[in-house]
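Just below is one structure, and these are the notes that go with it.
All heavy atoms count here, side chains included; hydrogens, waters and symmetry mates do not.
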Amino acid sequence: MWAMIVKEFRQLRRDHRTLAMMIVLPLLLLVVFGYAASFDVPTIPVNVYGARAQDLAAGLRPPFEVRAVDPSGSLPEAETALRDGEVPVAFVTTFEEPIVLIDGSELFTAKAALGALAVARSAPGVSSASPMPGVRILFNEGLETSAIMVPGLAAMILLFVGTVITSLGVVRERQAGTLEQLAVMPLRPWDVFLGKVAPYFLVACLDMAVVVIAGVLLFDVPFRGSVLVLALGAVLFLFVTLGLGVLISSVSQNQGQAIQLALMALLPQVMLSGLIFPLSSMAAGVRWIGYLLPLTYFVRISRGVMLRGAGLPALWPSFAYLAVIGAVVFGLATLRFHRSLAPARGVR
């Protein structure tokens with residue numbers, strides 16, 4: 001028995017990927033659940049509009065944090081700010097009693113804002129006759145969880161198919177020896193690469209369409225924006241995920257290794273992208289990791305288009321980031337795939 005134990009330890013020491021998985025993954029889970037896994041929203045950005053905007057802004061207390069004060073603004077400007085994702089909450093003072101608009105697509109922020117308003121209303125020294133803002137919830141009036149989860153699920157499908165399924169498919173070709181057969185055929189590496197990823201691209205698009213349609217029909221999730229804008233975001237995000245899947249496959253010798261690396265790539269994106277936990281509730285260092293992840297930006301695009309009806313001008317920073325990271329990752333994946341075919345073609 002002792003000999004078997006020693007043998008297993010030696011084998012584990014040689015398997016650097018498994019060893020890294022055993023060490024890195026627990027640390028990653030510790031960071032995620034210690035600094036990111038929270039539904040509390042400590043800070044709520046707000047804009048204030050109307051002639052009495054300065055007075056109202058001066059009286060706001062945490063968790064509200066004033067980002068902009070526009071004495072000449074009115075209700076349409078406030079609604080536009082929420083639709084474009086500038087802030088999740090806006091106060092409007094152009095009426096006899098102030099009105100507060102809350103973006104219901106930011107579910108946890110909306111609930112935190114409602115709680116803060118209730119606390120302010122019941123605070124000592126506040127008269128029941130004092131003018132308190134009337135509340136209007138936009139884009140997800142019932143604060144339904146399904147409304148924010150369906151766009152997120154669409155993003156998850158693209159991530160899963162693009163990263164996990166693609167990496168397993170390419171590695172399976174290498175294990176079966178068919179990748180080398182493709183290499184000696186009169187095909188350019190670019191043709192082989194596109195031929196490998198095209199089916200996964202089409203399957204991911206079909207899965208996403210099914211989820212979106214089912215979410216709209218079965219769960220009454222609104223779709224207020226442009227289908228073309230969402231489709232463009234999905235294509236850009238798929239370039240990133242497909243490239244990541246091919247990169248993982250290029251450094252994996254078998255499907256077990258591919259699954260390990262894919263999980264290490266998926267877990268941070270699911271936990272730190274704002275898909276489950278709001279970014280504003282995370283510690284600053286962890287939050288900046290979330291800002292580097294491509295899923296963060298596609299979640300913003302899918303929720304912005306479906307729930308708020310945001311257009312390309314409002315979402316262009318997310319599109320620009322996905323385009324840049326997609327070009328880099330997809331380019332690296334193409335080069336790596338070409339190098340993996342080179343030995344079979346006799347290229348030195």
**Check against side chain to side chain contact (heavy atoms under 4.5 Å, CB included), Val87 and Val46** = CA-CA 6 Å; Val87 288; Val46 302; 5.8 Å; no
**Message:** Taking the side chain as everything from C-beta on, heavy atoms only, tell me whether Asp103 gets closer than 4.5 Å to Leu138.
**Reply:** no
**Request:** State, with a plain yes or no, whether a side-chain heavy atom of Val305 is found less than 4.5 Å away from one of Phe223.
**Result:** yes
Can you give each donor-acceptor pair under 3.5 Å made by side-chain atoms of residues 316-327, sequence neighbours left out, with the distance rounded to 0.1 Å?
residue, atom, partner, partner atom, Å
Tyr321, OH, Leu292, O, 2.4

**Complete:** Residues at least two apart in sequence or cross-chain that pass side chain to side chain donor-acceptor pair (under 3.5 Å) with Asn47, listed by chain then number, are Tyr49
**Item:** Criterion side chain to side chain contact (heavy atoms under 4.5 Å, CB included) on Leu272 and Phe277, from CA distance to verdict
**Value:** CA-CA 7 Å; Leu272 304 179; Phe277 307 107; over 6 Å; no
**Item:** Distance (rounded to the nearest 0.5 Å) between Leu101 CG and Leu75 CG
**Value:** 5.5 Å
Table please: side-chain donor-acceptor pairs of residues 52-63 below 3.5 Å, with sequence neighbours left out.
residue, atom, partner, partner atom, Å
Arg52, NE, Thr93, O, 3.4
Arg52, NH2, Thr93, O, 2.9
Arg52, NH2, Phe95, O, 2.3
Arg61, NH1, Ala58, O, 3.0

**Fill in**
All heavy atoms of Ile148 vs all of Gly104, minimum pair found to be CG2-O, 4.5 Å
**Item:** Sequence neighbours excluded - ring pair (Phe, Tyr, Trp, His ring centres under 6.0 Å) pairs with any residue from residues 243-273
**Value:** none
**Prompt:** Thr163 side chain to Phe160 main-chain N or O, any donor-acceptor pair under 3.5 Å?
**Reply:** no
**Asked** For Ala112, which residues count as a side-chain contact (heavy atoms from CB on, under 4.5 Å) partner, sequence neighbours excluded?
**Response** Val41, Ile44
**Message:** Any side-chain to backbone donor/acceptor pair from Thr166 onto Val161? Under 3.5 Å, distance only.
**Reply:** yes
Return a table of donor-acceptor pairs under 3.5 angstrom between the side chains of residues 198-219 and protein atoms on other chains or two or more places apart.
none

**Request:** Keeping to residues at least two apart or across chains, list the salt bridge (charged side-chain N to carboxylate O under 4.0 Å, His left out) pairs with something in residues 68-87.
**Result:** none
**Prompt:** With sequence neighbours left out, what residues match Thr43 under side-chain contact (heavy atoms from CB on, under 4.5 Å)?
**Reply:** Glu65
**side-chain hydrogen bond (donor to acceptor under 3.5 Å, both in side chains) contacts touching residues 293-304 (sequence neighbours left out)** = none
**Message:** Taking ring-ring contact (aromatic ring centres under 6.0 Å, His included) as the definition, give me every residue that meets it alongside Phe64, ordered by chain and number, with sequence neighbours left out.
**Reply:** Phe91
**Item:** ring pair (Phe, Tyr, Trp, His ring centres under 6.0 Å) contacts in which one or both residues fall within residues 233-263, not counting sequence neighbours
**Value:** Phe237-Phe298, Phe239-Phe330
**Message:** Please give me the minimum heavy-atom distance between Met282 and Met271, naming the atom from each residue.
**Reply:** CE-O, 3.5 Å
**Request:** Give the C-alpha distance, both sets of side-chain angles, the deciding distance and a yes or no for side chain to side chain contact (heavy atoms under 4.5 Å, CB included) between Ile301 and Leu232.
**Result:** CA-CA 10 Å; Ile301 291 172; Leu232 176 60; over 6 Å; no
